[in-house]
Amino acid sequence: MRFQTTCLCLLISPLLSSQINSGKVIQTEPLAVGRYHSLFIRNGMLYAAGQNVYGQLGNQNKADAPMPVKAGTATNYVSVSTRAYTSLALKSDGSLWAWGFNNYGEVGNGNRVHQFNPVSIGRDTNWVSVSAGDAVSFAIKRNGSLWGWGNNTMRLLGVPLPADISMFPIQLGKELSWQMVAAGINYTLALKKDGSLWGWGANGWGMLGTGNVQAQTSPVQIGTETNWLFVTAGQFHSFAIKTDCSLWAWGNNQNGELGIGSLAKQLSPVAVGKDKWKAISCGQRHSVGIKQDGTLWAWGSGSSLGIGNTGNKNTPQQIGRENNWVSVAAGNAQSLAMKADGSLFAWGSNSYGELGIGNTTGQLIPVAVK
């Protein structure tokens with residue numbers, strides 16, 4: 001995939017970087033956090049922790065795991081995504097894999113049976129970006145085509161279909177201009193190769209950023225700017241990073257999750273301060289990001305922030321004082337972050353062992369995942 005950038009965002013953050021393998025470029029995201037489970041890639045191997053009732057850990061059983069377990073046996077995973085109970089992953093050969101909750105066919109293997117281990121989705125090896133939503137899944141091929149599957153009630157896939165459910169990936173439109181896709185809860189954001197930002201789906205809190213709260217049944221452009229570099233979607237709020245590494249937010253803000261110093265929801269993208277950022281992730285009611293200097297920050301719902309207390313914060317709060325953070329992922333009420341040396345830390349809610357620290361005790365500050 002082609003990224004346009006005038007800063008170092010893509011060069012120093014695995015969250016925004018690309019891996020080149022045999023001439024194929026694949027967007028790599030090594031961390032993913034779902035509703036009550038977490039996933040991470042280490043040395044090409046995929047690990048999972050937390051709730052497992054629908055097989056979302058991918059280790060062939062239903063038992064919850066408070067310590068990380070291996071998902072499958074492959075050693076060439078490069079990117080992983082999850083939002084609720086379904087997970088998607090890419091391997092270095094460009095193949096697409098999925099597992100977990102499958103009531104709406106969001107696994108994409110042609111049935112509606114929950115999958116307890118990663119299964120190959122088709123035989124294509126030209127996938128470069130994936131994003132798992134609440135009941136839908138999306139992926140982009142190397143030629144810029146956008147594909148989706150799962151629940152299409154209210155046109156969550158962004159196109160009309162003969163049925164409300166698609167159990168296989170289907171191409172969404174005929175455009176070959178898509179670069180990145182980010183699925184939230186009942187809405188989706190995407191970037192095109194020209195740097196323009198698009199969205200569709202639910203919009204009750206303004207999370208599409210279109211300036212109103214009107215739902216969209218097909219992709220609509222968000223503003224007119226063409227310098228967007230990265231986008232992420234949460235439950236009711238969204239973030240994006242521009243090519244100058246500035247951070248922008250919109251949507252729900254009842255807990256301060258936009259980080260703009262107020263609690264007012266925003267129907268269009270607004271700047272989050274003047275700092276430069278290299279990574280950002282939306283949780284349910286909190287947000288976590290990494291600045292260009294490698295420091296880790298969080299804001300929103302207090303118990304999810306990792307700053308040692310439970311008070312809500314409407315501006316970014318630094319987590320610790322270290323400056324070697326490179327990747328981050330926020331989920332329901334928990335987060336993961338990785339340092340440059342590959343060490344992994346987790347904090348927040350831990351009801352099912354989703355932090356992967358060996359117990360079910362919530363954590364107010366980052367603790368090592370061993």
Report yes or no: does Asn102 contribute a side-chain atom to a donor-acceptor pair with the main-chain N or O of Asn111 at less than 3.5 Å? yes

Hey, any chance Ile140 and Ile170 share a hydrophobic cluster, counting ILVMFWY side chains that come within less than 4.5 Å of each other, even indirectly? yes

Is a donor from one side chain sitting under 3.5 angstrom from an acceptor on the other, for Tyr104 and Thr86? no

Are Val128 and Asn126 side-chain neighbours, meaning at least one heavy-atom pair lies under 4.5 Å? no

Would you mind telling me which of Val288, Ile307, Leu364 makes a side chain to side chain contact (heavy atoms under 4.5 Å, CB included) with Trp347? Val288

Answer with yes or no whether the side chains of Asn52 and Asn61 bring together a donor and an acceptor at under 3.5 Å. yes

May I ask you to check whether Asn253 and Gln266 show a side-chain donor-acceptor distance below 3.5 Å? no

Test your reading of the model: is there a side-chain donor-acceptor pair from Asn186 to the backbone of Gly201, 3.5 Å cut-off? no

Please give me the minimum heavy-atom distance between Gly234 and Cys282, naming the atom from each residue. CA-CB, 3.5 Å

Any donor-acceptor N or O pair under 3.5 Å, side chains Ser218, Gln216: no

Given Ser327, which partner from the list Leu31, Leu336, Thr28 fulfils the side chain to side chain contact (heavy atoms under 4.5 Å, CB included) test? Leu31

So, the side chain of Asn252 versus the backbone of Met207: is there a donor-acceptor pair under 3.5 Å, distance only? no

Which atom of Gln284 lies closest to which atom of Glu257, heavy atoms considered: O-OE2, 4.5 Å

Please evaluate residues Asp341 and Asn324 with respect to the criterion side chain to side chain donor-acceptor pair (under 3.5 Å), reporting the C-alpha separation (whole Å), side-chain torsions for both, the decisive distance (0.1 Å), and the verdict. CA-CA 8 Å; Asp341 62 4; Asn324 57 345; 5.2 Å; no

Straight-line distance of Trp205 CH2 to Gln235 CD, nearest 0.5 Å: 10.0 Å

Does the side chain of Pro66 come within less than 4.5 Å of Asn359's, by heavy atoms? no

Are any of the side-chain heavy atoms of Trp200 and Leu157 separated by less than 4.5 Å? no

Got a donor-acceptor contact below 3.5 angstrom from the Ser131 side chain to the Ala183 backbone? yes

If only atom types and distance count, is the side chain of Asn76 paired as donor or acceptor with the main-chain N or O of Gly44 below 3.5 Å? no

Worked verdict on Trp299 versus Leu258 for side chain to side chain contact (heavy atoms under 4.5 Å, CB included): CA-CA 8 Å; Trp299 54 98; Leu258 298 187; 5.5 Å; no

Taking atom types as modelled, is there a side-chain donor on Asn227 or Asp244 under 3.5 Å from an acceptor on the other? no

Rounded to the nearest 0.5 Å, what separates atom NE2 in His286 from atom CG in Asn332? 9.0 Å

Is there a donor-acceptor pair under 3.5 Å between the side chain of Asn312 and the backbone N or O of Gly302? yes

Using modelled atom types and a 3.5 Å cut-off, is there a donor and acceptor pairing between side-chain atoms of Thr232 and backbone atoms of Ser281? no

Using the six-membered ring wherever Trp is involved, compare the ring planes of Trp277 and Trp297 and label them parallel, tilted or perpendicular (cut-offs 30° and 60°). perpendicular

Would you confirm whether Gln115, through its side chain, and Asn117, through its main-chain N or O, come within 3.5 Å as a donor-acceptor pair? no

For residues Ser268 and Trp250, determine if any side-chain heavy atom of one lies less than 4.5 Å from a side-chain heavy atom of the other. no

Would the distance check show the side chain of Gln318 and the main-chain N or O of Pro316 forming a donor-acceptor pair, the cut-off being under 3.5 Å? no

Check whether Trp147 and Val130 end up in the same hydrophobic cluster, where Ile, Leu, Val, Met, Phe, Trp and Tyr are linked by side-chain heavy atoms less than 4.5 Å apart. yes

How about CG on Leu263, more than 12 heavy atoms from neighbouring residues, nucleotides or ligands closer than 6.0 Å, or not? yes

Are any of the side-chain heavy atoms of Val213 and Lys265 separated by less than 4.5 Å? yes

Can Val326 and Lys278 be said to form a side chain to side chain contact (heavy atoms under 4.5 Å, CB included), step by step? CA-CA 8 Å; Val326 295; Lys278 66 177 179 179; 4.3 Å; yes

Apply the test side chain to side chain contact (heavy atoms under 4.5 Å, CB included) to residues Gln56 and Thr82: give CA-CA distance (whole Å), side-chain angles for both, the deciding distance (0.1 Å), then the verdict. CA-CA 9 Å; Gln56 56 263 53; Thr82 189; 6.0 Å; no

Side chain to side chain contact (heavy atoms under 4.5 Å, CB included) between Phe116 and Lys62, worked out: CA-CA 8 Å; Phe116 291 84; Lys62 293 184 178 182; 3.2 Å; yes

Indicate yes or no: at least one non-hydrogen side-chain atom of Ser81 is less than 4.5 angstrom from one of Glu29. no

Any idea which heavy atoms bring Gly306 and Ile319 closest together, and the distance? O-CG2, 3.4 Å

Ignoring hydrogens and geometry, is there a side-chain-to-backbone donor-acceptor pair from Asp64 to Tyr352 under 3.5 Å? no

Between CH2 of Trp228 and CG of Leu189, what distance do you get to the nearest 0.5 Å? 10.5 Å

Looking at every non-hydrogen atom in both residues, tell me the closest pair between Leu208 and Gln214 and how far apart they are. CD1-O, 4.4 Å

Interatomic distance, OG@Ser79 vs NZ@Lys91, rounded to 0.5 Å, equals 13.5 Å

Over all atoms of both residues, closest heavy-atom pair of Arg42 and Tyr47: CB-CE1, 3.9 Å

Atom CG of Leu176 and atom CG of Leu146: how far apart are they, to the nearest 0.5 Å? 10.5 Å

Rounded to the nearest 0.5 angstrom, the OG1-CG distance for Thr226 and Leu191 is 11.5 Å

Linking I/L/V/M/F/W/Y whenever their side-chain heavy atoms sit closer than 4.5 Å, directly or via other members, would Trp149 and Leu90 fall into one cluster? yes

Which atom names give the shortest non-hydrogen contact between Phe168 and Asn109, and what distance separates them? CE2-C, 4.1 Å

Taking the side chain as every heavy atom from C-beta outward, state whether Asp124 and Leu96 have any atom pair closer than 4.5 Å. no

Met167 and Val107: same hydrophobic cluster, using ILVMFWY side-chain contacts below 4.5 Å? no

Side-chain heavy atoms of His114 within contact of Tyr85, under 4.5 Å: no

According to a hydrophobic-cluster definition based on side-chain heavy atoms being under 4.5 Å apart (Ile, Leu, Val, Met, Phe, Trp, Tyr only), do Leu39 and Ile41 belong together? yes

Can you tell me how the ring of Tyr54 sits relative to the ring of Phe101, calling it parallel under 30°, perpendicular over 60° and tilted otherwise? perpendicular

With Lys192 via salt bridge (Lys or Arg N to Asp or Glu O under 4.0 Å) - residues at least two apart: Glu175

